[in-house]
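Quick note: numbers below take in every heavy atom, side chains included, and nothing from hydrogens, waters or symmetry partners.
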Protein chains: 2
Amino acid sequence: MIATAQLPVLDLTDLRACCAPLTGGVIDSADAERVATALKALAEPTRIRLISLIAAQPGGEACVCDLTDPVGLSQPTVSHHLKVLADAGILTREQRTKWAYYRLVPGALAAIGALLSNDPTSRSD
Amino acid sequence: MIATAQLPVLDLTDLRACCAPLTGGVIDSADAERVATALKALAEPTRIRLISLIAAQPGGEACVCDLTDPVGLSQPTVSHHLKVLADAGILTREQRTKWAYYRLVPGALAAIGALLSNDPTSRSD
DNA sequence: ATGATGTATCGACATCTGTCAATTCACATG
DNA sequence: CATGTGAATTGACAGATGTCGATACATCAT
């Protein structure tokens, strides 16, 4: 089968190296693109809910079947959002028997958050 | 003239109260929408560059004319992006004589970053 | 094998979004 | 008042995105 552009899963820690904090200097177009790509993965209400639902799950993991009802969307749509988050390096996917279990990548959210924290303009308060 | 939905500028500090960290509990649809709205404003490469350009400016402020050349886009497009960032509560706009000066809202980026930091999964390293 | 169940992919569609040219608005100055 | 300059708005358009139904794939049970 032709490879369907299997994204190699982004390493979000790279973003800290290049761009944290955003206000630390002028960011070139290529880095801005990478930062925006990471943020785009998060900038969707359903995906925000999915992240919080997975984190709240006992064991910190959830299968697709655990998530469709809470978010109130179809199974294909939920699978799509989970794929977006996994491709962005925010979630991992692990197939166990019939179920696909998703969990947060440790430190991934913090790496994105580090771009926005350590903000010089926040030292004034 | 009918009010053109003049957004009252979001207060990003509210997000800390409701949703930081994202992984602290299940987030309801309304809050997820607000979080996503804030992140959407940032999730665009040109806007990332505009933020870093403004922050790098001496005095921490810039007019539209300072920004069009560095980002290489038309004046209307730059104005559009600045409006998106201002409506999201990330930038302020101040008209002085003929020029409109934009600057970062102190702590705004940090407030968004706080949603993603303090992430329990990042304590393991 | 056959069937059942969980998940991913595909195709289609409506909506959203980034961009620009053209225009309008705001302000200052001759 | 007329003119020039900086910025915002409008209208249009191409491309991206969220959603679903239908379908294909994967794994288990019978």
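One interatomic measurement links the two molecules: CG of A:L73 to P of C:dT7, which rounds to 15 Å at whole-angstrom precision. At whole-Å resolution of the value, CD in A:E44 and C1' in D:dT17 are 9 Å apart. In this entry the distance linking CG of A:L82 with P of D:dT19 reads 12 Å, nearest Å. Between the CG atom of A:L67 and the C1' atom of D:dT19 there is a distance of 17 Å, rounded to whole Å. Going from atom CH2 of A:W99 over to atom C1' of D:dA29 covers 11 Å, rounded to whole Å. Summarising the geometry, the separation between CD on B:E94 and P on C:dA26 is reported as 18 Å, rounded to the nearest angstrom. Counting to the nearest Å, the P atom of D:dA8 and the NE2 atom of B:H80 are 12 Å from each other. Separating the CD atom of B:E33 from the C1' atom of D:dG18 is a distance of 12 Å, rounded to the nearest angstrom.
Of the possible donor and acceptor atoms, none in the side chain of B:S117 sits under 3.5 Å from a partner among the backbone N and O of B:A114. Listed for the A:R47 side chain is a donor-acceptor partner under 3.5 Å among the backbone atoms of A:A41.
When the side-chain nitrogen and oxygen atoms of B:R93 are compared with OP1 and OP2 of D:dA7, none of them lie within a distance under 4.0 Å. Close to C:dT29, at under 4.0 Å from its OP1 or OP2, lies no side-chain N or O of B:T97. The phosphate of C:dA8 (OP1 or OP2) has no side-chain N or O of A:T77 nearer than 4.0 angstrom. A sub-4.0 Å separation between OP1 or OP2 of C:dT19 and a side-chain N or O of B:H81 is present.
Here the CZ-CG distance, from A:R34 to A:L12, works out to 9.5 Å after rounding to the nearest 0.5 Å.
For A:Y102, whose side chain is taken as the heavy atoms from C-beta onward, the closest listed nucleotide among D:dG6, C:dA8, C:dT5 is C:dA8. For B:P76, counting side-chain heavy atoms from C-beta on, the closest listed nucleotide (C:dT7, C:dA22, D:dG21) is C:dA22. Nearest to the side chain of B:A100, among C:dT9, D:dA7, C:dC27, sits D:dA7. With D:dC20, D:dT5, C:dC20 as the choices, the nucleotide that has an atom nearest any side-chain atom of A:S74 turns out to be D:dC20.
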Practice task
Just do the side chain to side chain donor-acceptor pair (under 3.5 Å) check on B:S79 and B:Q75 with the steps written out, would you?
Solution key: CA-CA 6 Å; B:S79 275; B:Q75 174 267 314; 3.2 Å; yes

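One finds a salt bridge joining B:R96 and B:E61 here, because a Lys/Arg side-chain nitrogen approaches an Asp/Glu carboxylate oxygen to under 4.0 Å.
Remark on DNA chain D: of its neighbouring residues A:A43 and A:K98, the 5'-side contact belongs to A:A43, judged by nearest-heavy-atom nucleotide. If A:V84 and B:Y101 are placed on DNA chain D by their nearest nucleotide, the residue sitting closer to the 5' end is B:Y101.
No hydrogens or angles were tested; on distance alone, a donor-acceptor pair under 3.5 Å links the side chain of B:Q75 to the base of D:dA8.
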